[in-house]
Amino acid sequence: MNRMEPAAGSFRGRVWEIVRAIPSGRVVSYGDVAMLSGDRKAARAVGGALRAFAGDHDGLPWHRVINSQGTISFRGDLQRATLQRLLLLREGVVVSEQGGLEMARFRANLRALPCYGALDDGSDF
DNA sequence: GCGGTGACACAAA
DNA sequence: ATTTGTGCCACCG
């Protein structure tokens, strides 16, 4: 078992399951993951969770999680952002050098992911 | 128990 | 459109 993997049932445990289910070539926002985890407003905690998983991303497509603006969150860590963009490009996601991409086009179907709460998107897609 | 931190989101100016 | 401030949450010391 991976060292960094959080305890099942915990918040981070849910984040892990959700992120792990994001299909290749697709992306979701931190807010989306938060919503799926049950707390729509826990987007910030999602970032913290992913940060904690760093180094143990074996099998965890953490790079498919971006911010609601449809861009990669640099947050001062250019190294991570660069790697994230590279990994996405490798999956066929068109990411600009600025880290921007078309959310409407590459966003994963949230209903195809694990959901521990209600999808608050209100849309019926 | 409290305050600080962080890969966020949203509203206001 | 960009910057700033406020809200929110989990985790750590």
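In what follows, chains carry the letters A, B, and so on, assigned in the order in which the sequence lines appear, proteins first and then strands, with residues in each chain numbered from 1.
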Looking for any heavy atom pair under 4.0 Å, which part of the strands does [X] touch: base, sugar-phosphate only, or nothing?
{"X": "A:G48", "value": "nothing"}
{"X": "A:D77", "value": "nothing"}
{"X": "A:A42", "value": "sugar-phosphate"}
{"X": "A:F11", "value": "sugar-phosphate"}

To the nearest angstrom, how far is [X] atom [atom1] from [N] atom [atom2]?
{"X": "A:R14", "N": "C:dC9", "atom1": "CZ", "atom2": "P", "value": "13 Å"}
{"X": "A:N67", "N": "C:dC8", "atom1": "CG", "atom2": "C1'", "value": "17 Å"}
{"X": "A:W16", "N": "C:dC11", "atom1": "CH2", "atom2": "P", "value": "14 Å"}

Look at A:R75 and B:dA7 and indicate whether a side-chain polar atom (N or O) is within less than 4.0 Å of OP1 or OP2. yes
Look at the side-chain N and O atoms of A:S68 and state whether any lies under 4.0 Å from the OP1 or OP2 oxygen of B:dA9. yes
Per [X] side chain, nearest of listed nucleotides [options]:
{"X": "A:A43", "options": "B:dA9, B:dA7, C:dC8", "value": "B:dA9"}
{"X": "A:R44", "options": "B:dA7, B:dG6, B:dA9", "value": "B:dG6"}
{"X": "A:Y30", "options": "B:dA7, C:dA10, C:dC8", "value": "B:dA7"}

Regarding A:S73 and A:N67, do their side chains bring together a donor and an acceptor under 3.5 Å, going by distance alone? yes
Is any side-chain N of the basic residue among A:R14 and A:E17 closer than 4.0 Å to the acidic one's carboxylate O? no
Quick test of your reading of the model: are A:R85 and A:E97 salt-bridged, counting only N-O distances below 4.0 Å? no
To the nearest 0.5 Å, how far apart are OG in A:S29 and CD in A:Q69? 10.5 Å
